[in-house]
Amino acid sequence: SQLFSMASALVWFRRALRLHDNAALVEACKAATVVPLFVIDSHVFNEERMGANRAGFILECLHDLDEALRSRNSRLVVITGDPVEIVPTLVKELDVSDVYFERETEAYARQRDEVVLAHLEKLERPPKIHTPSWPTLWDPERLLAVAGGKPPPTMQSFLGVVSRAGRVAEPVAAPSSLPPLHELATS
């Protein structure tokens with residue numbers, strides 16, 4: 001197998017399987033080295049929870065993302081398993097100083113992220129965590145605050161909340177290149 005030395009930033013891809021409008025990736029590109037990671041979460045990516053069409057679509061998206069990364073001097077690292085174990089292990093093994101990912105809205109994902117963050121905090125050298133974006137048009141926490149702490153009960157009231165929340169953020173351009181991965185062959 002191969003590991004990557006001198007990794008200073010890890011981008012954990014989850015929903016935004018693209019280069020454009022990906023604030024986490026753009027911010028991570030300021031580092032000397034970026035490791036783009038996708039974990040095929042065994043809790044979600046299985047026959048009980050995911051149909052064949054959705055699985056096929058995600059695999060196609062991963063292939064497209066890898067091709068886009070390769071055209072920019074990088075590539076996608078894909079690992080199957082439990083992100084709760086994989087992300088902290090990779091951060092420790094690669095001596096990652098910064099971890100970037102988008103915040104999630106689903107209960108499972110939020111709970112998983114809390115556990116991953118707790119494991120990262122326990123590392124001898126915990127990385128800085130950066131969560132610059134949501135996979136939604138508006139920050140759900142901002143909308144809830146604008147709504148006075150209660151979710152709007154109707155579409156009309158929701159539209160009123162979003163009109164008071166301000167404009168949707170402009171999409172972030174895809175990076176033209178990424179810091180290179182420095183490969184180190186291991187046995």
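All values derive from a computational prediction rather than experimental measurement. Atoms considered below: every heavy atom in the structure, side chains included; atoms not considered: hydrogens, waters and symmetry mates. In what follows, residues are counted from 1 in the order of the sequence shown.
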Does some side-chain heavy atom of [Y] sit less than 4.5 Å from a side-chain heavy atom of [X]?
X     : Y     : value
Val35 : Val11 : no
Phe45 : Leu59 : yes
Pro88 : Leu90 : no

Under 3.5 Å donor-acceptor, [X] side chain and [Y] backbone:
X      : Y      : answer
Ser97  : Ser8   : yes
Glu27  : Pro132 : no
Arg110 : Glu104 : yes
Arg72  : Leu178 : no
Thr89  : Glu85  : yes

Listed pairs under 3.5 Å, donor-acceptor, residues 155-162 side chains, sequence neighbours left out:
from	atom 1	to	atom 2	distance (Å)
Ser157	OG	Thr154	N	3.1
Ser157	OG	Thr154	O	2.9
Ser157	OG	Thr154	OG1	3.0

TODO: Could you check Val44 against Met50 for side-chain contact (heavy atoms from CB on, under 4.5 Å), going step by step and ending with a plain yes or no?
DONE: CA-CA 7 Å; Val44 176; Met50 185 178 296; 3.9 Å; yes
- [ ] Please report the shortest heavy-atom distance between Leu123 and Lys92, naming the atom on each side.
- [x]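 Leu123 and Lys92 have their closest heavy atoms at CD2-CB, 4.0 Å.
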For [X], give me all partners under side-chain hydrogen bond (donor to acceptor under 3.5 Å, both in side chains), at least two apart in sequence or on another chain.
X      : answer
Glu67  : His63
Arg14  : Asp113
Arg125 : Asp95

Open item on the list: Please identify which of these residues, Leu37, Leu76, Leu62, meets the side-chain contact (heavy atoms from CB on, under 4.5 Å) condition with Phe13.
Closed with: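 Of Leu37, Leu76, Leu62, side-chain contact (heavy atoms from CB on, under 4.5 Å) with Phe13 is met by Leu76 alone.
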Task: Transitive ILVMFWY cluster of Val172, excluding itself - 4.5 Å side-chain cut-off - done: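 Under the 4.5 Å side-chain rule, Val172 groups with Val26.
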Task: Pairwise side-chain hydrogen bond (donor to acceptor under 3.5 Å, both in side chains) hits with a residue in residues 37-48, at least two apart - done: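 Output for this query lists Asp41-Tyr108.
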Task: Val99 and Phe101: CA distance, side-chain angles, deciding distance, side-chain contact (heavy atoms from CB on, under 4.5 Å) verdict - done: CA-CA 7 Å; Val99 175; Phe101 58 90; 3.9 Å; yes
